[in-house]
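Presented below is the structure to which this report refers.
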Protein chains: 2
Amino acid sequence: MDDQRLDRFFRRLRVRDSLRQAERDALSKAAGPTLHFAPGELMAHYGSSPSKSLLLIQGMAARQNTVESGQQQITAFHIAGDFVDLHAFLLSRLDHDVSAMSAVAAVEFSHEALRQITEEFPHLTRLLWLSTLLDGAIHRQWLVAMGRLTAIAHMAHLFCEHFVRADSVGLAQDMSFPFEITQQELADALGLSNVHVNRTLQELRRQDLVSWDTKTVRIIDWERLQEVAQFDPIFLDVVHTPR
Amino acid sequence: MDDQRLDRFFRRLRVRDSLRQAERDALSKAAGPTLHFAPGELMAHYGSSPSKSLLLIQGMAARQNTVESGQQQITAFHIAGDFVDLHAFLLSRLDHDVSAMSAVAAVEFSHEALRQITEEFPHLTRLLWLSTLLDGAIHRQWLVAMGRLTAIAHMAHLFCEHFVRADSVGLAQDMSFPFEITQQELADALGLSNVHVNRTLQELRRQDLVSWDTKTVRIIDWERLQEVAQFDPIFLDVVHTPR
DNA sequence: CGCCACTTTGAAACAGTTCAACGTCAGTGG
DNA sequence: CCACTGACGTTGAACTGTTTCAAAGTGGCG
């Protein structure tokens, strides 16, 4: 019997490849209890060596680092269906904090159980590996956007990325998707100041590209938004291929 | 018999975990011919679906993207012992170009052979997975440095990172390591203009932190360089642990 | 020797930051 | 029920790190 809590995760994997029943069973069996986190709460700590990884099933989380000046940099956002820190399964220590942006629910997977999966299910292992590779691909796009795009293109790019990601797990409808974070948090992801995020957002609204009321992003002109962002979804690898 | 060409790669893996003889044999058997690339030559193309991945054994390569303005952003540098595009094994299409920065030699691994390894060698599979996770960790540090550090700290951070990486494959000596790229290429990695890279470099030299003659970086004051860079090698995961 | 790619310098322009104040709204308690 | 609070969003103005453009210097190589 499939664990219902894993539905969005299965859906995400199935966008890229097929999942056999035995593989779904193995994941369902490996799934531990559901954990809940309040907005702002840390789900995992810099420097720690967790013995479990968390699969997000509700809310939004971010990976972030703090620099000496006290400023923060968010390096990834995660939504339902994302493994937040699957990389912690093999990395000996966490190189960032994981924090809950909203009220979060997550399913625990012990590294022991994941290890067992890698011993017995090579194809499923490749899919889990793939899921960390997608994180890496997103990191690269953020680097390109941060290094070589203007603030407005960078922000547009993030909205494009999240629309496609939300859509691939069934979280988007009517060209909109949940995006419950503050402007300061968005600034920490884009590497900008909160003031400039505010102004950039106004410009995106003025150009009738998107609206955002701190709960939901609505894309008003998908074509032009992608142009402004120079967005090419190739990096999200939404292609069904056997791996 | 171990394939000598893989020595630096084995050495890199052994920094993190042990490698059994059977695993070294499997990799040696999977290794294909050596390919050579001239400086500036593309080793893999954006949008392509390579059926092989390349393990660098000599020279330096970069992954890069080009934006509409014609500017480039480098998202990763690779040195001998690095798998340049192991992620291409599971991603359906490449989201960047791979280009040779200097004269490069690389060993080809067919995806078919890699797939066979994942079917038969779970532990080795975890190590290969780990090697792509390290790339991801480096991406995250680049994001933090790009978003929240000044140009001088960012550049210092890159030098720190490369010193540790070069050292872990035996390429560093006397506090110096090969770094044969142009200032423009460094600018493309840092997300800066070549002019500002030049000035930032002068400042690092003036403060007696590093010297660089476009062939070799020499670290003059390792302690202070790390401070300036806010460098913490935790993300390079140089800890020997069974995985 | 001369070329070409690369590095260095100067000066003006600009994107984004900082600081400080003000506006808005939801939640809380009197 | 309304005043108070605190977090978040918005605005203006001065400032700064970085870019851009343009020109001059350097050095390796055919």
Whole angstrom value for the distance that separates [atom2] of [N] from [atom1] of [X]:
X	N	atom1	atom2	value
A/E180	D/dA7	CD	C1'	15 Å
A/L186	C/dG16	CG	P	14 Å
A/R206	D/dT10	CZ	P	16 Å
A/L190	C/dA15	CG	P	17 Å
A/H196	D/dT16	NE2	C1'	14 Å
B/K215	D/dG28	NZ	P	8 Å
A/Q71	C/dT17	CD	P	9 Å
B/N194	D/dG17	CG	P	20 Å

(request) Would you kindly compare A/Q184 and B/G191 by the position of their nearest DNA chain D nucleotide and give the one closer to the 5′ end? (result)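 Counting from the 5' end, the first nearest nucleotide belongs to A/Q184.
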(message) Please compare A/R148 and A/V195 by the position of their nearest nucleotide in DNA chain D and report the one closer to 5'.
(response)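 Between the two, 5'-proximity favours A/V195.
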(message) With a 4.0 Å cut-off on N to O distance, would you call B/D3 and B/R5 a salt bridge?
(response)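 Salt bridge present between B/D3 and B/R5.
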(message) Between B/R63 and B/D95, does any NZ, NE, NH1 or NH2 come within less than 4.0 Å of an OD or OE carboxylate oxygen?
(response)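 Salt bridge: no.
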Which is true for [X] with a 4.0 Å heavy-atom rule: it touches a base, it touches only sugar-phosphate, or it touches nothing?
X	value
B/T182	sugar-phosphate
B/R205	sugar-phosphate
A/G40	nothing
B/T214	sugar-phosphate

Side-chain N or O of [X] less than 4.0 angstrom from OP1 or OP2 on [N]?
X	N	value
A/Q183	D/dT10	yes
B/N198	C/dT8	yes
A/Q202	D/dT11	yes

(message) Less than 4.5 Å apart, side chain to side chain, heavy atoms only: is that true for B/D82 and B/F77?
(response)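 Side chain of B/D82 against side chain of B/F77, heavy atoms only: no contact under 4.5 Å found.
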(message) Any non-hydrogen side-chain atom of B/H162 less than 4.5 Å from a side-chain atom of B/F179?
(response) yes
(request) Output all residues satisfying side-chain hydrogen bond (donor to acceptor under 3.5 Å, both in side chains) with A/S53, sequence neighbours left out; order by chain, then residue number. (result) A/H111
(request) Return yes if the base of C/dG10 and the side-chain atoms of B/R199 contain a donor-acceptor N/O pair under 3.5 Å, otherwise no. (result) yes
